[in-house]
Peer 1: 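Got a structure here, written out as structure tokens. Questions coming.
Residue numbers start from 1 in every chain, and the chains themselves are labelled A, B, ... in the order their sequence lines are given, proteins ahead of strands.
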2 protein chains.
Amino acid sequence: MSHHLRLVTPELAATLRRCQDCPLSRLCLDEAPPGAAAPLPSCDEQRCVHLDGGQHLFRVSDAVDQQLHIIRSGDVKLYQHGRDGGQHIIEFLGPGAWLGLESLNEQQRHAGAVALTPCDVTTVPYSMLTTLLDRQPRSAEAFGQLLSDTIARHQQHAAMLRSTSAVQRVAQFLLHRLEQAPHGTAARASLPMSRQDIADYLGLTSSTVSRCLSALRRRGWLSMGQRAFSLPDQPAVQQVAAGMPLALDD
Amino acid sequence: MSHHLRLVTPELAATLRRCQDCPLSRLCLDEAPPGAAAPLPSCDEQRCVHLDGGQHLFRVSDAVDQQLHIIRSGDVKLYQHGRDGGQHIIEFLGPGAWLGLESLNEQQRHAGAVALTPCDVTTVPYSMLTTLLDRQPRSAEAFGQLLSDTIARHQQHAAMLRSTSAVQRVAQFLLHRLEQAPHGTAARASLPMSRQDIADYLGLTSSTVSRCLSALRRRGWLSMGQRAFSLPDQPAVQQVAAGMPLALDD
DNA sequence: CGCTTTTTTGAGCTCGGTCAATATAAGTGG
DNA sequence: CCACTTATATTGACCGAGCTCAAAAAAGCG
């Protein structure tokens, strides 16, 4: 089966029926029989993998399989092992995010990826991507921006880890989840990961995370359901995130 | 003045007189008059900037000037402002490192770059780079690897920030400096940055950094000169970096 | 040689980690 | 649907690593 690659710019994507809900904002890999007028297969018909919650997409020390992944639905956590045995969460990734960018250069993966919820993941072989990059100058640019964004995101995360206070980190985390979430849903975001995961992400203990969340709830800044939350008083939380001191006990 | 861009592979680079000490391992931008047999200008004759210690290459909130930089000699710190006023050091960069990868996508810089020592910096306009990337598939690959490396480096840094103990972080920092340094010089590395900078990089206080260094010195693990250090007992320091507890006081 | 800036060291206190006890949620099988 | 088990979350009590504040020592620098 031979693949022909096309770049679909945002403008062009809008004109394609099946691609218009494509989670890729910049790059869209579109498979078409060369020179054929047959109906374009949708992005959804590309190689997709389904994962149940808890399943691994890849593990630390796996051989790199020469392909990237794009999350189409669901949430994934990217982690590595700390020297002390506990795992360090690198980041939580949702629909539209790319996985594997940090392994382009490596033989072995130094991070693992686990589904937090049921997921659909598209697989993109390096060969596909490099072919596309060679043919389409603008896509190389877009890909550069993708990597650039990732770097910037990690710098931000590192900055969060240097924030002194625990509540401060938790507040920043909640706000970050909110602005990542589809903000049509009235400032409500999901929390598909465990407290331990949040703790490992923020460099804290699950106990401390709990205490911070409780402290925010007690004041009415935060309201939590099972796997989601909202911030009734977002400005207050922003103040906390900016460094406003906040006692954990009553 | 029109520029013609050539990709110089590592193999080819070795055959070029003036390029053989080029600090770029993967990409080498080489300017030549189109079709002319004139002697090739050396990499060193490309646009270079010299900076004295303390001078800024760019500041936070500067407009992105559509160019990247490569450090040819000297050390640079990349920083951003923390909410609390103090600065957060993103990373310390030495000869061969690229600057500006995190801003490909941005209008404004969200990080600043300052010379720690006198520096020579080569300037690479985006236009040059994208032209090169378009023409030379392998260079696009190499550039991808460069970005991938940067992402991996940041993930490592984030992991360090989650390391619980202060001595642990300091030990990891010292070891990292050592392995980055030209290891011909008998396990000796430079420390061109202030204690405050180290503290901001590690998420600690300058006081604590001092205390940790003193603790290591007291035990004879570490020996420090003005702006450099060595590790007489590197294995011991590695143990500390791996989590071995170590009392700060005597 | 004064002056400023950086580094080191000290003493007290606080935040957040550790350990442990509930409490709540999520499964499991009858 | 309920009783039982297991995993996850919350909360409490205590303690130590590291921050704060501050002073002394060392290093730059004109």
Peer 1: Consider only side-chain N and O atoms of His88(A) and Asp200(A), and report whether a donor and an acceptor are under 3.5 Å apart.
Peer 2: no

Peer 1: Look at Arg109(B) together with Asp65(B) and state whether they make a salt bridge at an N to O cut-off of under 4.0 Å.
Peer 2: yes

Peer 1: What heavy-atom pair brings Ser190(B) and Asp75(B) nearest, and what distance separates the two atoms?
Peer 2: OG-OD2, 4.3 Å

Peer 1: Write down the atom of Val209(B), the atom of Arg195(B), and the distance for their closest heavy-atom approach.
Peer 2: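 Val209(B) and Arg195(B) have their closest heavy atoms at CG1-CD, 4.2 Å.
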
Peer 1: What pairs with His176(B) under side-chain contact (heavy atoms from CB on, under 4.5 Å), at least two apart in sequence or on another chain?
Peer 2: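 If we apply the side-chain contact (heavy atoms from CB on, under 4.5 Å) test to His176(B), skipping adjacent residues, the hits are Glu179(B), Gln180(B).
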
Peer 1: I need the residues from residues 217-229 of chain A with at least one non-hydrogen atom less than 4.0 Å from DNA chain D; give them sorted by number, or say none.
Peer 2: Arg217(A)

Peer 1: dG12(C) P sits how many Å from Asp249(B) CG, rounded?
Peer 2: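 So the CG-P distance, Asp249(B) to dG12(C), works out to 14 Å.
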
Peer 1: Could you check whether the rings of His157(A) and Tyr201(A) sit parallel, tilted or perpendicular, using 30° and 60° as the cut-offs?
Peer 2: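 Aromatic pair His157(A)/Tyr201(A) classed parallel.
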
Peer 1: What integer distance in Å separates Arg195(B):CZ from dC19(D):P?
Peer 2: 16 Å

Peer 1: Met193(A) has an atom CE; how far is it from atom C1' of dT8(D), in whole Å?
Peer 2: 15 Å

Peer 1: Expressed as a whole number of angstroms, how long is the span from Asp197(B):CG to dT5(C):P?
Peer 2: 16 Å

Peer 1: Taking CG from Leu191(B) and P from dT6(C), how many angstroms apart are they, rounded to a whole number?
Peer 2: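 Going from CG in Leu191(B) over to P in dT6(C) covers 16 Å.
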
Peer 1: Separation of Met244(B) atom CE from dA17(D) atom P, in whole Å?
Peer 2: 14 Å

Peer 1: Round to a whole Å and report the spacing from CG of Leu246(B) to P of dG16(D).
Peer 2: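 Between P of dG16(D) and CG of Leu246(B): 17 Å.
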
Peer 1: Rounded to the nearest 0.5 Å, how far does CE of Met224(A) lie from OG of Ser230(A)?
Peer 2: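 So the gap between those two atoms works out to 10.0 Å.
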
Peer 1: Any salt bridge between Arg218(A) and Asp249(A), counting N to O under 4.0 Å?
Peer 2: no

Peer 1: In a check of side chain to side chain contact (heavy atoms under 4.5 Å, CB included) between Leu99(A) and each of Thr123(A), Leu78(A), Ile70(A), which one passes?
Peer 2: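 The single option meeting the side chain to side chain contact (heavy atoms under 4.5 Å, CB included) with Leu99(A) is Leu78(A).
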
Peer 1: Can you check each nucleotide of nucleotides 14-23 of chain C against protein heavy atoms at under 4.0 Å and return B for base, S for sugar-phosphate only, - for none, in 5' to 3' order?
Peer 2: --SSBB----

Peer 1: To the nearest Å, give me how far apart CG (Leu213(B)) and C1' (dT6(C)) are.
Peer 2: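 Value for this atom pair: 14 Å.
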
